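Beneath this line is the structure, given in structure tokens, with notes to follow.
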Amino acid sequence: MKEKLEKIINKDEDLQTNLNLISDFLKENYDIDLYFCEIFGDRRWSFFAGSEDVIAQNKKIKINKNLGIIIDNYSQINKSKWEEIVEFIKSLI
Amino acid sequence: MSNIDPKKWADNVIKQEEIDKYLIDGKDFINDELIWKQLKENRKPDKQQIRDIIQKSLNIERLEPEETAALLNVEDEELWEEMKEAALEVKRKVYDNRIVLFAPLYISNLCVNNCLYCGFRKDNDEEVRKRLSMDEVKKEAESMIKMGHKRGLVVYGEHPKSDANYIKDTIEAIYDVRVKTNKSKSKIRRVNINAAPMEISDLEKLWKVGVGTYQVFQETYHHDTYKKLHPSGPKSNYRWRLYALHRAIEAGIDDVAIGALFGLYDWRFEVMGLLYHAIDLENQFEGIGPHTISFPRLRAAQNTPLSINSKYEVSDEDFKKLVTVLRLSVPYTGMIVTARERPELRKETMMLGCTQTDASTRIGIGAYSEAYTQQEMDRQQFVLDDTRSVDAVIREFAEMGMISSFCTAGYRCGRTGKKIMDLLTTCQEGKFCKLNAVLTFREWLDDFASEETKKIGEKVIKKELEEIEKDPYFKDKNLLKEFKDDYKKIKKGERDIYI
């Protein structure tokens, strides 16, 4: 997963653009709908990047105290792949 | 906390460049003459025109000013009945049949302004002034939590001692409070605020600590009346206030709430002003309109003659009309009716499309933790007409077949701003409202309800569960199983689960 993600992002672009690229990639290849939220005060999650089509949160993953992911169809890939994705995103921040 | 001289502080509040940037051709979005012209030109609307406008509202489309003006001019009683029925239908489509409950928390009545209708005004020397310490704020929050509240609306006067830094600290203090309940621990999950207009850099401080909705009421949209009623202080600047929420959205706070104090000027004009406010926010911020609209009526305040002697006082009948027209004009917005109103009128306005209300309300500074039951004029901004307990208010709603909701989900999973606007206008948010209303009502019944309320509450839950089971939307979106699992967890004692 890490290698695939490395291919699609552009290190010259900002975080928001790269998160959008990751979201598009996961949708196209794994039919996963997700969006990224900025977290404020450890409680308010505010849309930052990703799919506009996510209806309900199936899973919420906190990447760090400032960024989280809301995922509609979490079970499309296994837990270890998600861990790789989270680690990869952490490396972008 | 600031020890600066209040006058010096007040003189430096306004940043002209943070007004000018939102003006169009140097003008603000309220054109008094145009509003009166629209009200005049649409004076005799025909039935079919009104029915077409009603249909537009039922399609969850925001109305244009000429359309709202036509609704405001309806005289035919039969048409008003149709409008009232449509208002409730709009509410059901957008928000289902839930009513969100909150508690206001007044924590400072120090003020540098002199609003002629307000008990907190600077020159009112009969008002007992107080600003709560952080320990006192926490005690207030604790008392609110013990009543079962999850959502607070914190109210501040405008003063250097209740500036943005103080507001930020109070928000954090309230979020930190935990109270043991019979199943788990409870807390305030969303802190909304009603505070004076601020500059963008101050608003960013509030955004960073996770403020919920930011309310600023224009009080009156009529320029000349505004000028007369606000003779001094930063609030005397009409445009600084008018663009307070524009600055908030720019600072990141994408849940903003507008309102007018009805009774200061002609009620039809104020409804038009609120509509224009919603339109300008939508136009300047990619469709983000007001999260809620409030329409408090002027109430008696200590040593404040104007509060009991206004020629624009709004009758109960006109109040119901303005609620109806607002519901139809801005179908996506939440609408708040408060404990200023008598219980029977609150009940009626719920059937006209209101979506939020307060309960167990105490508006004296420090009033929750002191647990006093009598209203004390000299430490309140005005007098309430409904001081019933949250249990009694919820029981009444349940008897009406409505479910009380303590949901704070949207704010905690990115459903705010543009995202929630899209969900509201496509009638999808109401689906989440329904699920989360049931989950939070289940919690409240188990943790806080009296036996009497629990009995009727169970009937409401049963009906809601049946409706959820039958609604194909929940199956199609794979929400039904998740909801059922969450409901079981809450019944077993888990808390704060949401969809």
Side-chain angles (χ1 to χ4, degrees), chain A residues 14-24 26-27 30-79 82 85-86 89-90 92-93, chain B residues 168-169 171-176 187-192 204-213 249 251-255 288 408-423 426 428-429 431-432 435-436 473-474 476-483 485-486 496-499:
Chain A
D14 60 17
L15 179 65
Q16 196 168 28
T17 306
N18 280 323
L19 294 178
N20 278 324
L21 291 170
I22 292 170
S23 165
D24 293 345
L26 292 171
K27 175 68 184 169
Y30 301 96
D31 197 26
I32 290 169
D33 278 310
L34 59 77
Y35 60 91
F36 297 90
C37 286
E38 285 183 286
I39 304 169
F40 295 96
D42 203 24
R43 48 189 75 84
R44 180 175 187 133
W45 287 49
S46 182
F47 184 89
F48 181 63
S51 169
E52 302 271 351
D53 300 326
V54 180
I55 299 295
Q57 57 157 355
N58 176 265
K59 182 81 178 173
K60 207 172 172 185
I61 298 175
K62 198 169 170 183
I63 293 170
N64 63 19
K65 69 182 178 65
N66 299 316
L67 193 69
I69 322 177
I70 304 276
I71 306 152
D72 193 5
N73 33 8
Y74 176 81
S75 56
Q76 292 290 101
I77 54 176
N78 64 32
K79 201 179 167 194
W82 278 114
I85 292 169
V86 168
I89 292 166
K90 276 183 184 168
L92 295 178
I93 300 169
Chain B
K168 175 180 84 63
D169 291 345
I171 292 170
E172 289 184 303
I174 293 166
Y175 277 133
D176 281 347
K187 62 182 179 179
I188 296 292
R189 297 174 186 163
R190 176 168 179 150
V191 177
N192 299 333
E204 283 168 349
K205 292 177 191 170
L206 309 184
W207 174 236
K208 283 179 184 156
V209 296
V211 69
T213 305
I249 297 178
I253 304 173
D254 53 6
D255 275 341
I288 301 177
T408 55
Y411 147 98
R412 295 187 292 164
C413 51
R415 290 202 301 269
T416 60
K418 177 86 171 74
K419 188 145 185 76
I420 198 168
M421 285 293 145
D422 293 343
L423 291 169
T426 54
Q428 294 190 80
E429 183 62 17
K431 303 290 184 188
F432 296 105
L435 301 181
N436 287 318
Y473 180 91
F474 298 119
D476 294 348
K477 300 285 180 192
N478 297 320
L479 291 167
L480 191 58
K481 187 184 174 302
E482 188 189 344
F483 167 75
D485 290 346
D486 288 347
D496 202 10
I497 301 170
Y498 54 91
I499 290 174

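Computed from a prediction, not measured in an experiment: that's the story for all the values here. So that the names make sense, note that chain A is the first sequence line, chain B the second, and so on, each numbered from 1.
- With values rounded to the nearest 0.5 angstrom, B:Arg415 atom CZ is found 10.5 Å from A:Cys37 atom SG.
- Partners of A:Tyr35 by ring-ring contact (aromatic ring centres under 6.0 Å, His included), not counting sequence neighbours, listed by chain and number: A:Phe47.
- Contact of B:Tyr411 with chain A is made through backbone and side chain together, with heavy-atom distances under 4.5 Å.
- Using a 4.5 Å cut-off between heavy atoms, B:Phe483 does not touch chain A at all.
- How far CG of A:Asp72 is from CG of B:Asn478: 8.0 Å, rounded to the nearest 0.5 Å.
- Under the 4.5 Å side-chain criterion, counting only non-hydrogen atoms from C-beta, B:Val191 is not in contact with A:Arg43.
- Only the side chain of B:Leu479 comes within less than 4.5 Å of a heavy atom in chain A; its backbone stays farther off.
- Contacts of B:Glu172 classified as salt bridge (Lys or Arg N to Asp or Glu O under 4.0 Å), with partners at least two apart in sequence or in another chain: B:Lys168.
- For the set B:Trp207, B:Phe432, B:Tyr498, the entry with the most heavy-atom pairs within less than 4.5 Å of chain A is B:Trp207.
- Looking at B:Asp255, the atoms closer than 4.5 Å to chain A (heavy atoms on both sides) sit in the backbone and in the side chain alike.
- Looking only at heavy-atom pairs under 4.5 Å with chain B, the residue among A:Arg44, A:Glu38, A:Lys60 that has the most is A:Arg44.
- With a 4.5 Å cut-off on non-hydrogen atoms, B:Asp254 touches chain A through its backbone and its side chain both.
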